[in-house]
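Quick note: residue numbers are just sequence positions, from 1. Every heavy atom of this structure was used, including side-chain atoms; hydrogens, water molecules and symmetry mates were not. Order of listing sets the numbers, starting from 1, for every ligand and every atom in it.
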Amino acid sequence: MKFAGVDLSEPRIMGVINVSPESFYKGSVRNDEKKLVETAVKMVEEGASFIDIGAKSTAPYLETRIPVEEEVRRAVWAVKAVRDSLDVPISIDTTSARVAEEALKAGADVINDVTGLKEDPSMADVAAEHGAPVVLCAHGRVRDFSNPLHTVIDFLQESLVIAREHGIGDIAVDPAIGFLRPEVPKWYEWDSKVLANLNALKILGRPVLVGLSRKSFIGAITGRKDPAERLPGSLSATAIAVFNGAQIIRTHDVRETLDAVKMAAFIKRFRP
Ligand SMILES: Nc1nc2c(c(=O)[nH]1)N=C(COP(=O)(O)OP(=O)(O)O)CN2
Ligand SMILES: Nc1ccc(C(=O)O)cc1
């Protein structure tokens, strides 16, 4: 299987860079062009097959509102700077069709929409017009609290219908770790159930991308309040995600994560 031209016969890494100062992990933020480009180049040297650029935080527990003009400005600036130095696919992490369109024009290749084409009604049109591959996250109002996998699969199926109605075929699906936060079970249990049963997403027939790097469920389980201290927890959860079928891991820490991915993928070969 391939996504955005990248062969997925072994699991791949998507390196994350944010140009949004409000992002939950400050170590992921770059607002200086030289440092931004250096980071992207280093991530690719360390083994990243994709670079994901975020120009606005989507953390559900932070106040992250900014004017769309500001998100466009940040996104275009960052994509242009990184595009000139790299050949790997660049994804733009946005829920806004305007931001996606301007980023694609600036040289991005992939749209990463954490609302799975559901928030901005023009997003699917923009992806279709540009022939852009899309990452679709499970998104919606949770009604069935008892079975996280059911809910995630239902939400993703809804997004796949929207994508296919628009003739979009190059799609990766994502269970949206940290985004779906019902009161019961606690979100860290929800996220853990999703990772423990990630294999169920195979039914969708699309590559599975997982973004769990330094997220709050790791903080809740390990007691590490500061995302800067959540790398060991992230690596452990990454290995489990890969063991259970993740083909792309989205991470702030390319070098360390690639080692965890390689270990899990190698051991997985001997699974009965
Ligand atoms: N497809 C996908 N996209 C994502 C995902 C994810 O799990 N999957 N997580 C994010 C959170 O990480 P980030 O460092 O970008 O945090 P921020 O929203 O605070 O900028 C942001 N974007
Ligand atoms: N955009 C997101 C950022 C952070 C988290 C999380 O910490 O769980 C979830 C989503």
Side-chain angles (χ1 to χ4, degrees), residues 3-4 12-31 39 43 50-66 71 74-75 78 89-96 99-100 110-119 123 133-139 152 155-156 159 171-182 186-192 194-195 198 201 206-222 224-231 233-234 237-238 241 246-254 257:
F3 177 63
R12 304 291 177 187
I13 303 283
M14 173 178 276
V16 183
I17 308 176
N18 290 311
V19 290
S20 38
E22 71 279 6
S23 280
F24 84 100
Y25 171 47
K26 301 305 171 203
S28 71
V29 178
R30 299 289 179 279
N31 28 37
T39 304
M43 283 180 163
F50 306 86
I51 295 293
D52 188 44
I53 294 180
K56 173 181 179 288
S57 171
T58 49
Y61 51 86
L62 296 179
E63 176 48 59
T64 58
R65 267 173 300 186
I66 57 163
E71 191 185 351
R74 293 175 183 176
I90 297 173
S91 54
I92 179 68
D93 179 358
T94 187
T95 62
S96 153
V99 175
V110 175
I111 299 176
N112 173 20
D113 180 3
V114 301
T115 69
L117 305 175
K118 291 178 186 173
E119 188 172 283
M123 190 65 105
V134 292
V135 180
L136 302 178
C137 283
H139 178 78
V152 164
F155 286 169
L156 286 170
S159 291
I171 301 165
V173 294
D174 181 325
I177 297 295
F179 286 92
L180 301 170
R181 290 172 174 259
K186 285 288 187 200
W187 91 99
Y188 51 87
E189 247 181 59
W190 175 282
D191 287 337
S192 298
V194 170
L195 290 173
L198 197 68
L201 295 194
R206 298 306 315 162
V208 173
L209 184 152
V210 174
L212 55 79
S213 193
R214 298 178 183 268
K215 279 186 176 168
S216 56
F217 80 113
I218 297 166
I221 295 167
T222 60
R224 306 286 180 201
K225 288 204 171 57
D226 183 351
E229 297 189 337
R230 296 180 189 158
L231 179 59
S234 305
T238 292
Q247 282 143 300
I248 305 171
I249 297 289
R250 179 185 182 277
T251 181
H252 306 110
D253 308 283
V254 171
T257 302

Student: Walk me through it: do Glu63 and Arg65 pass the test side chain to side chain contact (heavy atoms under 4.5 Å, CB included)?
Tutor: CA-CA 6 Å; Glu63 176 48 59; Arg65 267 173 300 186; 3.2 Å; yes
Student: Mind checking whether Val16 and Tyr25 have side chains closer than 4.5 Å, heavy atoms only?
Tutor: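 They are not in contact (no side-chain heavy atoms under 4.5 Å apart), so the answer is no.
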Student: Using every non-hydrogen atom in the two residues, find where Ala100 and Met123 come nearest and quote the distance to one decimal.
Tutor: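 Scanning both residues completely, I find the closest heavy atoms to be CB-SD, 3.7 Å.
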Student: Quick one: does Cys137 get a heavy atom under 4.0 Å from ligand 1?
Tutor: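 Yes; Cys137 lies near enough to ligand 1 that a heavy-atom distance drops under 4.0 Å.
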Student: Would you mind finding which of Lys26, Arg214, Lys215, His252 brings a heavy atom closest to atom 14 (O) of ligand 1?
Tutor: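 Ranked by closest heavy atom to atom 14 (O) of ligand 1, first place is His252.
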Student: Does Glu22 have a non-hydrogen atom less than 4.0 Å from ligand 1?
Tutor: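 Outside the 4.0 Å threshold, so no.
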Student: Give me the ring orientation class for Phe24 and Tyr61: parallel if the planes are under 30° apart, tilted from 30 to 60°, perpendicular past 60°.
Tutor: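 If you compare the ring of Phe24 with that of Tyr61, the planes turn out perpendicular.
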Student: Could you tell me which residues satisfy salt bridge (Lys or Arg N to Asp or Glu O under 4.0 Å) with Asp113, sequence neighbours excluded, listed by chain and number?
Tutor: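 Counting only residues at least two positions away or on another chain, Asp113 forms no salt bridge (Lys or Arg N to Asp or Glu O under 4.0 Å).
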Student: Have a look at ligand 1 and work out which part of Thr58, if any, has a heavy atom under 4.0 Å from it: side chain, backbone, both or neither.
Tutor: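 For Thr58, the contact with ligand 1 is made by both the backbone and the side chain.
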Student: Indicate, as side chain, backbone, both or neither, the part of Tyr25 found under 4.0 angstrom from ligand 1 when only non-hydrogen atoms are considered.
Tutor: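 Looking at Tyr25 and ligand 1, no heavy atom falls under 4.0 Å.
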Student: Counting only heavy atoms not in Lys225, do more than 12 sit closer than 6.0 Å to its NZ atom?
Tutor: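 For Lys225, atom NZ is not crowded (no more than 12 foreign heavy atoms under 6.0 Å).
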Student: Distance under 4.0 Å, heavy atoms only, partner ligand 2: which residues pass?
Tutor: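 Answer by chain and number: Phe24, Thr58, Ala59, Pro60, Tyr61, Gly178, Phe179, Arg181, Lys215, Ser216.
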